[in-house]
Structure formats: C-alpha cells, structure tokens
Amino acid sequence: MVAKELLGKFLVRRVGKKTIVGMITEVEAYVGPDDKASHASRGKTPRTKVMFGRAGYWYVYLVYGMHHCLNIVTEKESYPAAILIRSVHSVSGPGRVSKYFHIDKKLSERSSSRASGLWIEDRGVRDVKIKSGKRIGVDYAGRWKHKPWRLTLEQHRDKKNHPIV
DNA sequence: GGAGTGATGACA
DNA sequence: GTCATCACTCCA
C-alpha cells in the first residue's frame, strides 16, 4: 500500500517566500467504496469526487467547523482511496498539521506538485520501522473501524545512517 | 469529560 | 428549505 511509502517522506509547503518542511510520521488509509470509515463510502459527492480521480491529488476537508484535514488521493481512477496525513515530525494531529502548513480546502483537488505549493519529497530516509494500529475517530464505521490502517513511523535512519526515533 | 464550530450530505 | 453528523483540538 502507498501509505507505507509516505512515512519518512517530507511534506513541503511553499507559501509566498516561505518554505515549510516536515517529515511524515503518521498516516491513515481510507480505501475503496465499501470502507464505511471513508467519506467515499457514501458515493461520489462534490466534496469527495477528487477521491475517485487520479492519484497524487490533494483531498482537504473541514471537520468540526474548524479543522482541516490533509489527504492525498491514491489508487487507480474511479477506485476511491486516500491517505490522511495525521502527523509530521513534532506536529501531532491532522488538524495541527494543516494549521502548521497553512493548508485549507482551497488546496483540495490540486495536484501534489511544486506548482500547487504543496508536495512530497524523498530525502533519503531509510530503514523505516512501521507500526500499525486502528484508525482514530471512526467508531461509527462498524467492522471497518477495526482495520489496522493507521501507520506510524517508529524509527528510521538518517543520511548518515544514524538511527532516529 | 465536554464545548466549540460550520461545511456537508440526506431528506423534504 | 431543515437537520444531524463529523477522519479534531483544547481546556477542565
């Protein structure tokens, strides 16, 4: 799954002359039309249609009237799936990540690229140790709430081969 | 544990 | 048009 590949990658934001960077440390996968935890399980709607599109596009939405959540669309066209970026190194929680990177829903349906001002870079982090667990905040999702689709980066090695927690 | 907050989607 | 719900965060 693509979710694993995101851990240890860097999220890069360009806004004005400022660049904000952080390593992705926690993600959650929302996969397929039947995943009751996924917004896509209610079918294609104006908000979620981007999840049914091509991979590599941002899906950003507002929850609880105040927090934005950042997701990247994965999988093939017409098969809805996205990865929620829950944490970046030293920034915990999807709402706080969006605040830190100045992300709001204007970025939704943009592609992950320099042109959009928000993209992902591989900066050579390797030997990642990944832990999986249940997703957060999806108790309503019946049997889907048990899926171990939340992945956290436990440990990795930097460019000089030093372990980092 | 509980409030804040407003877009979204379902239904009429 | 109404209404309930919500992939969260903060404070007690």
Side-chain angles (χ1 to χ4, degrees), chain A residues 1-13 15 18 20-113 116-120 128 130-154:
Chain A
M1 225 189 297
V2 183
K4 281 182 194 165
E5 297 168 24
L6 284 174
L7 294 172
K9 296 285 193 304
F10 284 74
L11 188 62
V12 188
R13 176 77 163 124
V15 45
K18 262 177 56 178
I20 306 162
V21 185
M23 187 179 65
I24 299 169
T25 53
E26 183 179 12
V27 297
E28 271 177 8
Y30 292 83
V31 184
D34 301 320
D35 179 0
K36 288 291 178 288
S38 170
H39 295 162
S41 66
R42 291 161 183 264
K44 202 188 276 191
T45 66
R47 180 178 61 152
T48 62
K49 65 180 191 297
V50 63
M51 287 183 73
F52 293 76
R54 287 167 53 203
Y57 282 73
W58 299 116
Y59 167 46
V60 184
Y61 62 90
L62 185 70
V63 269
Y64 299 103
M66 33 186 142
H67 306 294
H68 291 277
C69 289
L70 174 67
N71 302 247
I72 187 154
V73 175
T74 60
E75 305 291 337
K76 60 179 185 282
E77 203 166 341
S78 85
Y79 184 81
I83 313 279
L84 170 65
I85 298 178
R86 285 196 69 88
S87 302
V88 159
H89 184 63
S90 80
V91 183
S92 298
R96 300 192 64 206
V97 166
S98 291
K99 189 178 175 200
Y100 182 73
F101 284 90
H102 301 279
I103 287 159
D104 65 28
K105 59 187 176 155
K106 288 198 291 292
L107 274 162
S108 204
E109 302 179 50
R110 304 285 317 269
S111 70
S112 168
S113 66
S116 72
L118 183 66
W119 68 97
I120 287 166
V128 296
I130 295 168
K131 181 183 176 182
S132 63
K134 287 194 230 174
R135 293 178 291 183
I136 305 286
V138 294
D139 284 349
Y140 58 85
R143 66 188 177 92
W144 295 90
K145 77 181 179 187
H146 303 299
K147 297 282 182 189
W149 290 349
R150 177 166 62 101
L151 305 180
T152 49
L153 180 60
E154 289 232 298

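Chain letters run A, B, ... following the sequence lines, proteins first, then strands; residues in each count from 1.
Checked by distance alone, A/Tyr61 brings no side-chain donor or acceptor within 3.5 Å of a matching partner on the base of B/dA7.
A salt bridge (charged side-chain N to carboxylate O under 4.0 Å, His left out) with A/Glu28 holds for exactly one of A/Lys145, A/Lys134, A/Arg86; it is A/Arg86. If you run side chain to side chain contact (heavy atoms under 4.5 Å, CB included) between A/Arg54 and each of A/Glu75, A/Glu77, A/Lys76, only A/Glu77 comes through.
Here C/dC8 is the nucleotide among B/dA10, C/dC10, C/dC8 with the atom lying nearest to any side-chain atom of A/Val63. For A/Arg96, taking side-chain heavy atoms from C-beta onward, the closest of the listed nucleotides B/dG9, C/dA7, C/dC10 is C/dC10.
Counting any heavy atom pair closer than 4.0 Å across all strands shown, A/Gly95 reaches sugar-phosphate atoms only and no base atom.
What separates CD1 of A/Ile136 from P of C/dT9 is a distance of 10 Å, to the nearest Å. Summarising the geometry, the separation between CD1 on A/Ile103 and P on C/dA7 is reported as 18 Å, rounded to the nearest angstrom. Note: CZ (A/Arg42) to C1' (B/dC11) measures 12 Å, nearest angstrom. One atom, NZ of A/Lys36, and another, C1' of C/dA7, lie 16 Å apart when rounded to the nearest Å. The nearest whole Å value for the distance from the CZ atom in A/Arg135 to the C1' atom in C/dC8 is 16 Å. Atom CG in A/Asn71 sits about 17 Å away from atom P in C/dC6, given to the nearest Å. The distance between atom OH of A/Tyr140 and atom P of C/dA4, rounded to the nearest whole Å, is 19 Å. One atom, NZ of A/Lys49, and another, C1' of B/dG9, lie 14 Å apart when rounded to the nearest Å.
The partner of B/dT5 cannot be assigned: no Watson-Crick or G-U wobble pair with both contacts below 3.5 Å exists in any strand.
The distance from atom OH of A/Tyr30 to atom NZ of A/Lys147, rounded to the nearest 0.5 Å, is 14.0 Å.
A sub-4.0 Å separation between OP1 or OP2 of C/dT9 and a side-chain N or O of A/His67 is absent. Regarding contacts with the backbone of C/dC8, a side-chain N or O of A/Arg86 is found under 4.0 angstrom from either OP1 or OP2. Residue A/Tyr64 places none of its side-chain N or O atoms closer than 4.0 Å to OP1 or OP2 of C/dC10.
Between A/Tyr59 and A/Tyr61, the distance separating the two ring centers is shorter than 6.0 angstrom.
Taking all atoms of both residues into account, the shortest heavy-atom contact from A/Leu7 to A/Val128 is O-CG1, 4.2 Å.
The nearest heavy atom of DNA chain B to A/Met66 and to A/Lys105 marks one nucleotide each, and the one closer to the 5' end goes with A/Met66.
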